[in-house]
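A short worksheet on the structure shown next.
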Number of protein chains: 2
Amino acid sequence: MSYHHGDLRAALIAEGLRVARTGGAAALGMRDLTRAVGVSPNAAYRHFADRRALVLAVALEAQDLLADAMRARIAGISPDLPPVASALGRLRAVGLGYIHFARAERGWFELAILTRDDGPPGANGPFPAPFQLLLDALDALVAAGGLPAARRPHAEWACWSTVHGFADLTTRGPMRHHDTATVDALASYVVDTVIEGLTSGGTT
Amino acid sequence: MSYHHGDLRAALIAEGLRVARTGGAAALGMRDLTRAVGVSPNAAYRHFADRRALVLAVALEAQDLLADAMRARIAGISPDLPPVASALGRLRAVGLGYIHFARAERGWFELAILTRDDGPPGANGPFPAPFQLLLDALDALVAAGGLPAARRPHAEWACWSTVHGFADLTTRGPMRHHDTATVDALASYVVDTVIEGLTSGGTT
DNA sequence: GACCCTGGTGTACGGTGTCAACATTGCTCC
DNA sequence: GGAGCAATGTTGACACCGTACACCAGGGTC
């Protein structure tokens, strides 16, 4: 057995992703991961400051997986649709993709929404990919004429709040054990409700 | 010092509530709590099956505190308002009370939204008090004529998703470090947006 | 007074994250 | 090609955790 591992950092992240898929962040133990990779516990400290750093590294990968899932759903939209309908479909896809991923991959989702505490989003580096997809979808909706420009500001927070809240309620919360059909129907309803609130004339 | 404690269970919960206020659920350690109360670690096991059970017991108290905060906010609504405006104000108070509590008392909030996994809400015993407040507010809005009865079903999930999502985003999520004024403004905007989506005519 | 139930104590086990000191390897430079 | 060195691994230890097991103090009841 070779003394050096080759790429221990990558191996730990890969194994972390594997076990976190079903076990969530709690399954990412220093000793467990190093054991699975076939290395002594402290070897990990050559690549990660502490457990938290390792978890965050795995979380970044999970965030990419979430973004991929959302993009895949966006790609499934029929290309020959009128602009507004297309933009609306894309916005819906962003939300429903988020929700579907949360339910299909709870462990990964738990990681994906983990945030390192280094100020507001976008302050250090670009926005996280899933959030950027939402911003793009909203901008596209404005460009297509499906949303008045005056109502664009802060719309991302309304959307993200609803979608994220629904995802949380149906994974960790009280709707955890509801059957898939019910949850899917509710997801559509909930997403449509925010979009309705966004697009219809209001007070502010 | 008397051999028997008197009411160790209550003492543990009280101390738990005290430390969880700033430390969240993670601060609820068997050894820490028993130490603080002046008792041996294993004494707790006469009253709680395991750590999880203790945390859930404290969580129940926290849930009551959340409900109290929401009720206090509801009580602050001007009594001489037209019925619809009053009902709307009450619904808003439910949402904003939830959000405000989440931000003012993160530790307690983290506990309050903890759910034991015993089926859907209401299946075993009554609904949690905070959720019941939401149901009541929605029903009252229908009674006052502010929401068509046809649109009442499932409305609670749209409301709860948005409000809970916003609470999560502003406590654990990316808006964690935004200043209070900004968050307060966004909270109103977001809550109003769902209500708008609920009350204005839609597709379904 | 003998009994047991309730609610505490002490000790111990296996687990964790992490620190400090040491060993091994491959790369670089004279 | 050998010396030196940085990178990367290992071993051992520490403090801490949740918890199982055996034991014991006190109060209530027959």
Side-chain angles (χ1 to χ4, degrees), chain A residues 1-62 107 110-111 114-117 172, chain B residues 1-62 107 110-111 114-117 172:
Chain A
M1 178 184 301
S2 73
Y3 198 86
H4 281 52
H5 183 279
D7 195 348
L8 182 54
R9 184 188 160 89
L12 285 174
I13 293 181
E15 174 66 15
L17 220 42
R18 216 181 59 76
V19 303
R21 183 168 195 176
T22 64
L28 299 178
M30 285 284 153
R31 291 182 121 101
D32 276 347
L33 290 182
T34 50
R35 200 173 358 231
V37 170
V39 103
S40 90
N42 285 333
Y45 287 88
R46 294 289 160 193
H47 303 275
F48 302 98
D50 52 8
R51 187 188 108 97
R52 208 180 131 63
L54 200 170
V55 172
L56 286 178
V58 181
L60 238 92
E61 300 289 305
E110 181 194 348
L111 281 172
L114 236 62
T115 42
R116 49 207 175 302
D117 23 52
R172 302 191 309 141
Chain B
M1 179 184 300
S2 72
Y3 198 87
H4 283 52
H5 183 280
D7 196 349
L8 182 54
R9 183 189 161 88
L12 285 173
I13 293 181
E15 174 66 15
L17 222 42
R18 218 181 56 78
V19 304
R21 183 166 195 177
T22 64
L28 299 179
M30 284 285 155
R31 290 182 123 101
D32 276 347
L33 290 182
T34 50
R35 194 169 329 161
V37 169
V39 102
S40 92
N42 286 332
Y45 288 88
R46 293 287 160 192
H47 303 275
F48 303 98
D50 53 8
R51 186 186 109 96
R52 207 179 133 64
L54 201 171
V55 171
L56 285 178
V58 181
L60 238 92
E61 300 289 305
E110 181 194 348
L111 281 172
L114 235 63
T115 41
R116 49 207 172 302
D117 23 52
R172 303 191 310 141

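All chains are named by letter (A, B, ...) in the order of the sequence lines, taking the proteins before the strands, and each is independently numbered beginning at 1.
The stretch residues 9-18 of chain A has no heavy atom under 4.0 Å from DNA chain D, so no residue of it qualifies as close.
With the nearest nucleotide of DNA chain D identified for both B/A49 and B/R46, B/A49 has the one nearer the 5' end. Looking at which nucleotide of DNA chain C each of B/S40 and A/M30 is closest to, the 5′-most match is held by B/S40.
Going from atom CZ of A/R52 over to atom P of C/dT18 covers 11 Å, rounded to whole Å. Rounded to a whole Å, the CG atom of B/L54 is 14 Å from the P atom of D/dC17. The nearest whole Å value for the distance from the OH atom in A/Y45 to the C1' atom in C/dA21 is 16 Å. Whole-Å rounding puts the B/L8 CG to C/dT9 C1' distance at 13 Å. The distance from atom CG of A/L33 to atom C1' of C/dT16 is 13 Å, rounded to the nearest whole Å.
Proximity of A/H47 to the phosphate of D/dG9: a side-chain N or O atom is located under 4.0 Å from OP1 or OP2.
A/R9 contributes atom CZ, which lies 4.5 Å from atom CD1 of A/I13 (distance to the nearest 0.5 angstrom). Between B/L60 atom CG and B/L17 atom CG the span is 11.0 Å, to the nearest 0.5 Å.
Screening residues 19-31 of chain A for side chain to side chain donor-acceptor pair (under 3.5 Å) gives A/R21-A/E105 as the qualifying pairs, with residues at least two apart or on separate chains. Screening residues 37-47 of chain B for side chain to side chain donor-acceptor pair (under 3.5 Å) gives no qualifying pairs among residues at least two apart or on separate chains.
Looking only at side-chain heavy atoms (C-beta outward), B/L111 and B/L28 come within less than 4.5 Å of each other. Side-chain contact between A/R172 and B/T115 is absent, with no heavy atoms from C-beta onward closer than 4.5 Å. Counting heavy atoms from C-beta outward, A/L33 and A/F48 have side chains that stay 4.5 Å or more apart.
Among the atoms of the strands shown, only primed sugar atoms or phosphate atoms (P, OP1, OP2) are found under 4.0 Å from some heavy atom of B/R51.
Remark: B/R18 engages B/E15 in a salt bridge (charged side-chain N to carboxylate O under 4.0 Å, His left out) (not counting sequence neighbours). Scored by the side chain to side chain donor-acceptor pair (under 3.5 Å) test, A/R35 finds A/D32 as partners (sequence neighbours excluded).
Distance from the side chain of A/V39 is smallest to D/dG9 among D/dG9, D/dT19, C/dT18.
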Table of protein N/O atoms under 3.5 Å from nucleotides 12-15 of chain C N/O atoms:
none

